[in-house]
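Letters A, B, ... mirror the listed sequences (proteins, then strands); counts begin at 1.
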There are 2 protein chains.
Amino acid sequence: MSVLLDRLRAIVGAANVLTEGDLSAWEQDWRKRSRGKALAVVRPGDTQQVAAVVQACAATDTSLVPQGGNTGLAVGSIPDESGTQVLLSLQRLNRIRSIDAANLTMTVEAGCVLQTLQETARNAGFLFPLSLAAEGSCTIGGNLATNAGGTQVVRYGNTRDLCLGLEVVTPQGTVWEGTSGLRKDNTGYDLRDLMIGSEGTLGVITAATMKLYPLPAAQLTAWAAVPSLEHAVTLLGLAHRRLGPGLTGFEVMGKFALSLVAKHFPALRVPFADDDAVPYCVLLENSDSESEDHARARFEALLETAFEDGCVTDAVVAENLTQAHQLWHVRESIPLAQAEEGLNIKHDISIAVSRIPAFVAETDALLAREIPGVRLVNFGHLGDGNLHYNVQAPDGGDNKAFLRDHEDRINTLVYDAVEKFAGSFSAEHGVGSLKVDKLEKHKSPVALEMMRAIKRGLDPQNILNPGRVIRLA
Amino acid sequence: MSVLLDRLRAIVGAANVLTEGDLSAWEQDWRKRSRGKALAVVRPGDTQQVAAVVQACAATDTSLVPQGGNTGLAVGSIPDESGTQVLLSLQRLNRIRSIDAANLTMTVEAGCVLQTLQETARNAGFLFPLSLAAEGSCTIGGNLATNAGGTQVVRYGNTRDLCLGLEVVTPQGTVWEGTSGLRKDNTGYDLRDLMIGSEGTLGVITAATMKLYPLPAAQLTAWAAVPSLEHAVTLLGLAHRRLGPGLTGFEVMGKFALSLVAKHFPALRVPFADDDAVPYCVLLENSDSESEDHARARFEALLETAFEDGCVTDAVVAENLTQAHQLWHVRESIPLAQAEEGLNIKHDISIAVSRIPAFVAETDALLAREIPGVRLVNFGHLGDGNLHYNVQAPDGGDNKAFLRDHEDRINTLVYDAVEKFAGSFSAEHGVGSLKVDKLEKHKSPVALEMMRAIKRGLDPQNILNPGRVIRLA
């Protein structure tokens, strides 16, 4: 091992091979539920160094765990507890390589922080639409490795849909250069999309060419009270028809989720929070390539029709950016309010939009029946069929004891219901190490066997993030 | 072999195992440049029959060539000349399984003809935006297998971008059911995108869940004269900024390409064809979710700015649908006019949009220097960086002799130039058998080795469309 460490020091410099001191920033997961132990934290500075590090590890059969901003929610980017894995941090690969305005692309290194990319695009007069809670810390390499979602997916898709090309270091330590920025390229298998979402198990993403979009001329946000989840789905269809691609956000929030925000963050104004007759609220965002006046007229016409159709009972449109940010802030405060309320169980599920009302009605009833007193914190990206269908312990009880006694059972009930509705047990957070069992349980044997064949074919030594996503039999 | 044929007859019925008579509809390629010989043409009627056919072939080590509408341009879906391959026609799998309006999806079988899907969507009040020349004959299974492009890619992407899920029969004859219609699903490797564009070499696509979009309220078409290709690129950027996602088509056509249309189809009115000072024309399409009046006002404002900026010298906006169809008809008549002019050499290339003017200037000059008298028919989907950069023999010469003497050399010159500009030698037509050599020459060894590992891993018997796309070493 000391031979390997010497070799790694020779490649990246001694200062970038960390073996002592507090390594928790790399070894502990974002939600602080797991802690691993690395042989070393290795911080290469460019792609060639990444390739050399992988080669050195492959030569000694040492496995590597690639890591970006370490903000993942599925425990996929920290080392295991063996002390034998190299933690490969990509954070020093943080250069914007180029912006190509006419091609509407930028080529960036994996360690660039998402917010930096948003700002870089904006400064060049463009929109980079990927947006999610961890954007101040997460890196584009991690976003790509997990195919991150976020709040703009209804219009711009997941990270996958924003990527035109990748540069990847293979498990053999060779470099695949695929950052050409082409919008059409049908020359063989889609290696790009295979790497995206593979959570560092098939290759190490070192750079990417990402799509840019024109900045919208105006962006408006509205908050609408809906009489039921069915009505929220109807409103979504109406918004698609009326706004077309102008619909850039469509979030749903259940009454109890919003009541937690009102309870724990009394300074925030939660619209319609006091109205007991409002079971769900929806946050809509309208992006317009013309003007604010045009956006407002279109938005108000939509809401007027929605009133007439009975799928909205009350609504506010933000008058300015500050108000819009306040509305989004309420939505984004739900997970924090949940944490204030106490330990809870999170689910990141997706279902066909049309089946969400039936899923929620059935699963709400099932959980209420099976786990008396359980409280459901239901919110999410309804436009994408993605719910954060979370579970809070009964009011006033012992949260820790509740989780100990009921977490497994609740997960089984929820994920079995998701499978019954042909949904996904991980819509945007990935598999990591946390959901490897779920993958084996809920994915078809045919799909699992294909995944294993791909993993064996591309990484026969099984040195890249082994045991994550797909376990080899 | 007769044992296998008996088994196949038992699976699909004797009437659906064709071994005699005129089988050219399945054995000859679309452009009539190749003709294979099948052991039998087998026409299963459902997914289970497809699986059983693949199992029967696998048991006897008989390879299969999947085929949809047989309209491919890269000779990827006809059998080889050995008479030992089963031609697996998917045309009888032609049911619309379901339309889910609230989820904006339809689930369809592989053998559905593209135009049928467009019409089915329209009748349900939705847009299915995939559109290409062969839409009256090609099938969605073939579109998916080749990741077809077409004229709406600038807004809606390639076929890949329109697909949410697949049902696939593996090379082992098992069925992978993945047609859930989820917009977010991060549970393991992206098998869907691996299958899409793999041209039947990794699995047989039997059904798919495709995205639907709201029907636009209005669609307008304009034809603009531009002083250079650089100005066309500038106009594209302006159109993106002004129309945002309303820009659904952006085609460029060179003067000589249009002159061939005017020459061979004198009944068609080709705008600005007589103006020698117009080197390129652009066809723009604007789709609007509001109204025709709104669309027209936006479109005219865009063209006005373009005039002022000097990137457009003249323009017409179609007054009605008939005029719009006429303009598109001129664009779509270029390949037919080329055929009337005589044998020619086709290239389907892509380059980053920003580099297209330099590529064309340099490659035009190179070809003129190397192949005296050569005539360049340059047109394509500029919005996607995709050119059909075709080559016509010198005026009045012997076309056949020209192709015999110069085709290889011209291809080498063009594809080497494409590689120099980091482009693709096959933007939307795929590899098939026609471009296997090109793949080996122009793709990096690292990418080729990954593709081989995937093919070996998923199809270790090498029975699905062997030798197409990627040749195993």
Q.
Within the structure provided, determine whether B:F359 and B:V418 are in side-chain contact (heavy-atom separation under 4.5 Å).
A. yes
Max heavy-atom pair count under 4.5 Å with chain B, selected residue of [options]:
options: A:G383, A:A352, A:G125; value: A:A352
options: A:V469, A:L215, A:D100, A:V233; value: A:D100
options: A:R242, A:R241, A:E428, A:E177; value: A:E428
options: A:I351, A:V431, A:L243, A:N147; value: A:N147
options: A:A301, A:S424, A:A102; value: A:S424
options: A:G244, A:S354, A:A453, A:G457; value: A:S354

Any salt bridge linking [X] with [Y]? Criterion: basic side-chain nitrogen under 4.0 Å from a carboxylate oxygen.
X: B:D190; Y: A:R160; answer: yes
X: A:D437; Y: A:R471; answer: yes
X: A:R456; Y: A:E449; answer: yes

When heavy-atom pairs shorter than 4.5 Å are enumerated against chain A, which of [options] gives the highest number?
options: B:D185, B:L194, B:D288; result: B:D185
options: B:R298, B:H240, B:R183; result: B:R298
options: B:D384, B:V153, B:T201; result: B:D384
options: B:V353, B:T105, B:N103; result: B:N103

Is [X] in contact with chain A via its backbone, its side chain, both, or neither, using a 4.5 Å heavy-atom distance?
X: B:S444; answer: side chain
X: B:T170; answer: side chain
X: B:N386; answer: side chain
X: B:T146; answer: backbone
X: B:V154; answer: neither
X: B:R355; answer: neither
X: B:H442; answer: neither

Q: For atom NZ of A:K420, decide whether the heavy atoms of other residues, nucleotides or ligands shown that lie under 6.0 angstrom number more than 12.
A: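 Incorrect, the count does not exceed 12.
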(Q) Can you classify the ring geometry of B:F425 versus B:Y415 as parallel (below 30°), tilted (30 to 60°) or perpendicular (above 60°)? (A) perpendicular
Q.
Let's go through A:T187 and B:K443 carefully: what are the C-alpha distance in whole Å and the side-chain angles of both, what is the deciding distance for side-chain hydrogen bond (donor to acceptor under 3.5 Å, both in side chains) to 0.1 Å, and is it a yes or a no?
A. CA-CA 8 Å; A:T187 52; B:K443 213 77 182 175; 2.6 Å; yes
Q: Heavy-atom distances under 4.5 Å only: say whether A:V168 touches chain B with side chain, backbone, both or neither.
A: neither
Q. A:K435 versus chain B, heavy atoms under 4.5 Å apart: side chain, backbone, both or neither?
A.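 It is neither, since no heavy atom gets under 4.5 Å.
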Q: Have a look at A:L127 and tell me which of A:P216, A:S287, A:P214 forms a side chain to side chain contact (heavy atoms under 4.5 Å, CB included) with it.
A: A:P216
Q.
Please report whether the ring centroid of A:Y213 lies less than 6.0 Å from that of A:Y156.
A.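 Centroid separation for A:Y156 and A:Y213: below 6.0 Å.
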Would you give the length of the straight line joining atom [atom1] of [X] to atom [atom2] of [Y], rounded to the nearest 0.5 angstrom?
X: B:D348; Y: B:L73; atom1: CG; atom2: CG; value: 8.0 Å
X: A:L472; Y: A:M451; atom1: CG; atom2: CE; value: 12.5 Å
X: A:I454; Y: A:I470; atom1: CD1; atom2: CD1; value: 9.5 Å

